[in-house]
Protein chains: 2
Amino acid sequence: MYEELRNELKKRKYRITAQREMILKIFLESKGRHLGVDEVYRELLNRNVRVSKATVYRAVELLVELGFLRKLNFGEGLYRYELIDRSTRESHQHVICQKCGKIVEINSEQVKKIVSDISEKTGYVIKWHDLKFYGLCPECQKEESKAPESGQRTEISEEG
Amino acid sequence: MYEELRNELKKRKYRITAQREMILKIFLESKGRHLGVDEVYRELLNRNVRVSKATVYRAVELLVELGFLRKLNFGEGLYRYELIDRSTRESHQHVICQKCGKIVEINSEQVKKIVSDISEKTGYVIKWHDLKFYGLCPECQKEESKAPESGQRTEISEEG
DNA sequence: CTACTTGCAAATGCTTTGCAAAATT
DNA sequence: AATTTTGCAAAGCATTTGCAAGTAG
């Protein structure tokens with residue numbers, strides 16, 4: 001993957017730097033996680049890699065541009081990034097528990113249908129999509145039935 | 001609708017204020033638009049209604065809580081709000097042109113299917129969802145074919 | 001050696017908050 | 001009269017940016 005990064009960088013006349021490789025490395029070693037800039041930054045500090053946060057900001061945006069990362073927004077007031085599977089480039093759907101925050105990723109075959117339906121209805125050529133589903137995970141459903149309407153509501157509420 | 005707002009406020013022990021009604025009014029008179037706090041604020045100034053921006057922030061969040069507005073995020077670095085159809089409470093999908101930014105709202109019947117599919121696969125009870133589709137609107141497709149790869153890329157890239 | 005990248009600190013922009021004054025109940 | 005809401009200014013955060021110093025090609 002580092003080789004791929006070097007190639008992409010060369011191709012687009014960007015320079016190969018240790019910082020860029022280290023930042024991609026963090027994502028490669030945190031597969032499946034959705035990291036915010038601060039988390040990446042802290043992880044680098046943990047590993048005694050001295051980089052500035054500004055560089056992390058610049059690097060993740062570059063990695064998005066080069067197709068290594070996807071920029072995510074769960075309405076928390078910050079952006080998160082996840083590694084893209086460069087072989088399929090396929091996006092998945094995020095299913096988020098509004099009580100405990102657990103995020104499950106799935107891939108529904110129904111997505112293709114809805115995309116073609118929307119394309120047909122609007123005349124738009126759909127390039128990509130962002131599908132989030134909010135609800136209660138199985139564990140939180142159990143708790144919910146034990147103590148229904150128990151007050152503390154997790155303040156997740158955002159859509160787009 | 002103002003009656004409905006007054007009832008909701010009373011029901012939850014909030015007070016009926018001119019500011020809250022005015023802010024809801026802005027949305028009622030801008031149906032179909034996705035307004036940011038600053039836009040609401042400016043619209044109020046245009047109408048010579050003196051309110052502080054802090055009050056707008058507080059009011060829109062309250063209106064979300066009361067079920068009058070939905071909070072949206074198109075990855076621009078700010079939140080937008082749209083009026084909820086309180087009779088159906090149904091959400092629609094946003095189809096966004098990544099070149100000109102035009103947003104079309106549609107309602108695909110496929111959504112029900114994908115929701116039940118996801119529910120089945122994950123065990124989550126889905127309460128609501130947030131579905132965004134990005135691509136090119138018909139007009140921008142034409143321009144694209146005239147001047148393909150013409151440089152200026154609209155920096156829309158965010159997902160969740 | 002030239003051009004790009006980094007680090008730092010300052011700046012930006014949206015949103016939140018503390019508190020006294022104003023308004024609602 | 002008691003309590004909530006508002007306005008204002010300050011504070012809070014995530015993110016961006018200007019610029020000099022460092023580094024890749």
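Sequence lines set the chain letters: A, B, ... in the order given, protein chains first and strands last, and positions in each chain run from 1. Values reported hereafter were calculated over all heavy atoms of this structure, with side chains retained and with hydrogens, waters and symmetry mates removed.
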In whole angstrom, give the distance that lies between atom [atom1] of [X] and atom [atom2] of [N].
X: A:Phe74; N: D:dA14; atom1: CZ; atom2: P; answer: 17 Å
X: A:Tyr79; N: D:dC13; atom1: OH; atom2: C1'; answer: 14 Å
X: B:Lys13; N: D:dT4; atom1: NZ; atom2: P; answer: 12 Å
X: A:Asp38; N: D:dT16; atom1: CG; atom2: P; answer: 14 Å
X: A:Arg80; N: D:dT15; atom1: CZ; atom2: C1'; answer: 15 Å
X: A:Arg15; N: D:dG22; atom1: CZ; atom2: P; answer: 16 Å
X: A:Glu76; N: D:dC13; atom1: CD; atom2: C1'; answer: 14 Å
X: B:Arg12; N: D:dT5; atom1: CZ; atom2: P; answer: 13 Å

As an exercise, state the distance from CG of B:Asp130 to CG of B:Asn73, rounded to the nearest 0.5 Å.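 Here the rounded value is 8.5 Å.
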DNA chain C contacts among residues 47-55 of chain A, heavy-atom distance under 4.0 Å: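 Within residues 47-55 of chain A, the residues near DNA chain C are A:Arg50, A:Val51, A:Ser52, A:Ala54, A:Thr55.
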Checking A:Arg80 against A:Phe74: charged group under 6.0 Å from the ring centre and within 45 degrees of the axis?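 Not satisfied by the 6.0 Å and 45° rule.
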Looking just at side-chain N and O atoms, do [X] and [Y] make a donor-acceptor pair shorter than 3.5 Å?
X: A:Thr55; Y: A:Ser52; value: yes
X: B:Tyr14; Y: B:Glu65; value: yes
X: B:His34; Y: B:Glu105; value: yes
X: B:Glu61; Y: B:Tyr81; value: yes

NA contact type, B:Arg20, heavy-atom cut-off 4.0 Å: base, sugar-phosphate, or nothing?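 Answer is sugar-phosphate: B:Arg20 comes under 4.0 Å of backbone atoms only.
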Salt-bridged, A:Arg42 to A:Asp38, with N to O below 4.0 Å?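 Yes, this pair counts.
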Would you call B:Glu109-A:Lys121 a salt bridge at under 4.0 Å N-O?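 Judged by the 4.0 Å cut-off on N to carboxylate O distance, B:Glu109 and A:Lys121 do form a salt bridge.
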Please tell me which of A:Tyr14 and B:Tyr57 maps to the more 5' nucleotide of DNA chain C, matching each residue to the nucleotide holding its nearest heavy atom.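 Residue closer to the 5' terminus by nearest nucleotide: A:Tyr14.
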In terms of ring plane angle, is the pair B:His129 and A:Phe133 parallel, tilted or perpendicular, where the classes change at 30° and 60°?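 Answer is tilted, since the angle falls between 30° and 60°.
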Bending between helix ends of the helix from C:dC1-D:dG25 to C:dT25-D:dA1 [5 pairs per end, 10° resolution]: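 Axis-to-axis angle, ends of the helix: 30°.
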Using the side-chain contact (heavy atoms from CB on, under 4.5 Å) definition, which of the options A:Leu63, A:Leu62, A:Ile84, A:Val60 pairs with A:Phe68?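 Checked A:Leu63, A:Leu62, A:Ile84, A:Val60 against A:Phe68; only one passes side-chain contact (heavy atoms from CB on, under 4.5 Å): A:Leu63.
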Chain B footprint on DNA chain C, 5' to 3' - any atom under 4.0 Å from a heavy atom: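 Listed 5' to 3', the contact boundaries are C:dC14 to C:dT25.
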Under the salt bridge (charged side-chain N to carboxylate O under 4.0 Å, His left out) test against B:Glu82, which residue among B:Lys31, B:Arg70, B:Arg33 passes?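 The option that passes is B:Arg70.
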